[in-house]
Amino acid sequence: MGRYVRRRLIQMVPLLFGISLLIFLIIQAAPGGPEAVFLENRLFIDPQVIEAFRQRLGLDQPVPVQYVRWLAAVLSGDFGISFTTGRPVGEMIAERLPATVELMSVSFVFAAVIAIPLGVYSAVRQYSLFDFSATTASFLGIAMPVFWFALILQLLFSVQLGWLPTSGRDTIGDGSLFDQLKHLVLPAFVLSIRHIAGWSRYMRSSLLDVIRADFIRTARAKGLRERIVLTRHAVKNALIPVVSIMALDLAGLFSGAVIAETIFAWPGVGRLFVQAMFARDYPLLMGILMMGSFLVVFFNLVADVAYGWLDPRIAYE
Amino acid sequence: MFIARLKPLLAVLVITIVGGCGPSVAPSQPTTTAAASAAASPVKGGTLRIGYGAEVDNLNAFTSQFLTDIELTMVEGLIVSNDKNEYIPVLAKQIPTVANGLVKTRPDGKLELTWPLQQGVMWHDQTHEFTADDVCFTWKYIVSPGSEVYNRNSYLPISDCRVQDKYTAVMVWDTPSAIYNGLFEAILPKYMLDGKDIVKYDGYNRSPVGTGPFIFVEWKAGEYVRVKRNPNYWRGNQYPYADEVVFRFIPDINTRLNAVKSGEVDFAQLTPPQVKDAKDLPNYNLILVQQNSWQHFDMSIKTPRGAKIFGDKAVRQALFQLIDRKTIVDGVLEGTVQIADTVAPTTSPFYNPDVKKYPYDPAAAKKLLDDAGWKVGADGIREKDGEKLSLTALLSSADAIGKLYWQVIQQNMKAAGVDIKIDTKDAAARSQVWRSGQWEIQISRWVLPADPSVTGLYSCKGSNNMTGFCDPALDQALVASDQELDQAKRKTLLFKAQELLAEDAYSLPIYYNVNPIVISKKLGNFKASGTNLGSFWNVYEWYLGK
């Protein structure tokens, strides 16, 4: 196992290198550089100022030179300086990570706690009224646009009822735990809906497969109680594909949710990404995207390792 | 040669809509903002909560790419523009003019402007005093090659800044410039920034030190900027009235309106399509601030095809007459804005009402096109010499209103045999194409400071002349108006420039932009300003009533 993990880690290096080159080229290929944004915002602008701006950012250099410069800096641990704020990219991302991790982990855990039992119960009572309702609700949850649902919840809980704040992470000057929790409710709920809908579907179909397997029949034939059959034999095996899906979603814990964070004015990485994209802030975009890529690759490995633990038939040697 | 003082340049038209004034929002009855604000005497204390849009990049008024609303709570300049579109002195005691003897012509023909400064003004740390040294330091930074100050070229005619004494700065202008009184909207603290690379210096750019009514407290990334009362403010102990101002960054416009509806903010900027949802809120007043800004329809002659089609004035005038501005204003913008016929706002002393107008007139337009040789082809689209009158409109994907009015224009033009395709690009991409001149037609906005100079936009070599049009007579009038400090003569020149602009048919003004703001009925002394320096110019006297 140890050797397998080491080998996978080494394989990540060329992979991430390739990803960085690809992302860099795609970002550069998008029309309009950071100076175009400069022009868009401040409509009266001195052409010499634009030139000074381009020079300071190194944008007057050819793209390969820019890439090599970026790569050299990254290898020495420096992700560069944001074009818009002039601050170190690493610092800017680190500043936003706590908010994103807080929001995403709460919605993740909430979604897992709801989705798995929901999927299990739907499978066990297949074609019952409950199963039909859960299925319909899941499809609604998957199909519902986040921005629309978020605004509806705001209208209901903030504007009409006045129970929850519309947006932000805390009330300025308050900052108590209760206040922070109130701010967390709506965005976490909106984000968890999609996970609940998706994961409970996977759980249901996976369990339906397992329940019909021979070893379950054997377990029943041994005279085990249905509860034990389900929890100890069926659910554990049915979790294998679900866990791999969930592990891949774990990467999102750090890269955040673009739409929900923007609507709820949540100070996370997802919103930072949107800002960076519209501003053509290349170093910041590279920083965020590389972090996201690394995490996807990393959590793929985690999913594979988790497989091995859940399913002894899978051995990595 | 110069007159005492530039009179109020443009009066901002402020339309106040008090809750429950009926379904249609008519911009025809301007009232003052004072009526909107709770009258009575100012109340001390309280936190002003501002629902702001996108997060700003930095808090340096010179290098930020955003409006300087937040900066102006902390930082002051020699001047600021007020609600009547006048430049008024702030850290300067007086704005120099010939009449007050502070503008002198030297024997070598250069101008000397003497700026007397406020005395006893301390920087926020209370250890250093604001002096003429800071003024000249600020000038030196702005004109330095790498300063990245957005309007650096306006400062370049200043060849020297001299500290005459602690409270007097003297500036030497090589050529006269009518906009001299609109510069230095911020002053930098020399003691803090001397020797620093200001463009990159976070110590100032993220926590500015100024002389203003509020002191920087904190900037929580992605959340808010918070400033607190300056207890030693130089205008007097009673100012500022509020204890704190918090600018919350709420990028989504719907969330911003919801935050208003749930009472989380006292002030928020909205967009014109939200006016109907915001005008009847019980605890808020909606104010439509007319901006020094207008939408304009342009054609580029920087491409060979563009030069061929739009080089003909008859075609340009025909296209103008095919744009139904009344439907755009009444339908798309629900009557919240006014049709524009010229570049100066209607309230400006430089507004020329007698320019050539281009009302919607499809019959006249069709005749113009027929006479110009553009005949309707088999597919219903006009053509001439094998060239189809099929035009591509450049549009920013962020421009929600643009998408709506282009549909109107598309229909109007189609009925007259002109085909319009819409090319939607994201903001940065659109901007790049727009600057390059490699487009056919477009509509976007220009924003002016309190001064109505449009030389950069319409002179032959103007740095913001994107269309490539060039009229030497117009050029002459524009350049001369920029150097004319005599109000009456300048007015004549700018009137002529507006007439030429309309006659040449290079650009059709569509409507004047408004900026809808909702403010709490408790907020007093708010005096909206439509200039590029925004509405926070008098934040020291804002207060939250009971």
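Only a predicted model underlies this, so the values are computations on that prediction, with no experimental measurement involved.
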So what's closer than 4.5 Å to chain A heavy atoms on B:Arg248: side chain, backbone, both or neither?
side chain
Spacing of B:Asn205 atom CG and A:Thr85 atom OG1 [to the nearest 0.5 Å]:
10.0 Å
With a 4.5 angstrom heavy-atom cut-off, which part of B:Ile253 approaches chain A: side chain, backbone, both or neither?
neither
Taking C-beta and beyond as the side chain, do A:Phe264 and B:Thr255 meet within less than 4.5 Å on heavy atoms?
no
Please classify the contact between B:Arg206 and chain A as side chain, backbone, both or neither, with a heavy-atom cut-off of under 4.5 Å.
side chain
So, the part of B:Val56 with a heavy atom under 4.5 Å from chain A: the answer is neither
Top residue by heavy-atom pair count (under 4.5 Å) with chain B, among A:Ser82, A:Gly268, A:Ala99, A:Pro165?
A:Pro165
Bottom line for B:Phe249: the part with an atom under 4.5 Å from chain A's heavy atoms is both
Which atoms of B:Ala259 are under 4.5 Å from chain A, going by heavy atoms: the side chain, the backbone, both sets, or neither?
both
Heavy-atom nearest pair, B:Pro145 first then A:Ala52, reads O-CB, 3.9 Å
Full working for salt bridge (Lys or Arg N to Asp or Glu O under 4.0 Å) between A:Arg271 and B:Asp252:
CA-CA 11 Å; A:Arg271 205 172 120 206; B:Asp252 187 82; over 6 Å; no
Write down the atom of A:Val159, the atom of B:Lys261, and the distance for their closest heavy-atom approach.
CG1-CB, 3.7 Å
When the 4.5 angstrom heavy-atom criterion is applied to B:Asn258 and chain A, the contacting part is both
Given side chains that start at C-beta, do those of A:Arg280 and B:Asp426 come closer than 4.5 Å, heavy atoms only?
yes
Can you tell me how far CG of A:Leu155 sits from CG of B:Leu257, rounded to the nearest 0.5 angstrom?
8.5 Å
Non-neighbouring partners of A:His183 that pass ring-ring contact (aromatic ring centres under 6.0 Å, His included), sequence neighbours left out
none
Which heavy atom of B:Pro251 sits nearest to which heavy atom of A:Thr262, and what is that distance?
CG-O, 3.6 Å
Residue pairs fulfilling ring-ring contact (aromatic ring centres under 6.0 Å, His included) with at least one residue in residues 77-109 of chain A, sequence neighbours excluded:
A:Phe83-A:Tyr282, A:Phe108-A:Trp199
Under 6.0 Å from the NZ atom of B:Lys200, do we count more than 12 heavy atoms belonging to anything else shown?
no
Identify which part of A:Arg169 has an atom lying under 4.5 Å from any heavy atom of chain B, answering side chain, backbone, both or neither.
both
Given that the side chain runs from C-beta out, which part of B:Glu244 has a heavy atom under 4.5 Å from chain A: side chain, backbone, both or neither?
neither
Taking side chain as everything from C-beta outward and backbone as N, CA, C, O, which of these in B:Glu223 sits under 4.5 Å from a heavy atom of chain A? Side chain, backbone, both or neither.
both
Any idea which of B:Asn58, B:Ile250, B:Leu156 has the most non-hydrogen atom pairs under 4.5 angstrom with chain A?
B:Ile250
Quick check on the interface: out of A:Asp170, A:Leu272, A:Asp281, who has the most heavy-atom pairs with chain B under 4.5 Å?
A:Asp170
Point-to-point distance, once rounded to the nearest 0.5 Å, from CZ of B:Arg256 to OG of A:Ser167:
10.5 Å
If you round to the nearest 0.5 Å, how far is CD of B:Glu55 from CD of A:Gln275?
5.0 Å
Could you tell me if the side chain of B:Thr47 sits less than 4.5 Å from the side chain of A:Ile172, heavy atoms only?
no
So, the part of B:Lys220 with a heavy atom under 4.5 Å from chain A: the answer is side chain
Counting heavy-atom pairs under 4.5 Å to chain B, which of A:Glu51, A:Gln55, A:Arg96 comes out on top?
A:Arg96
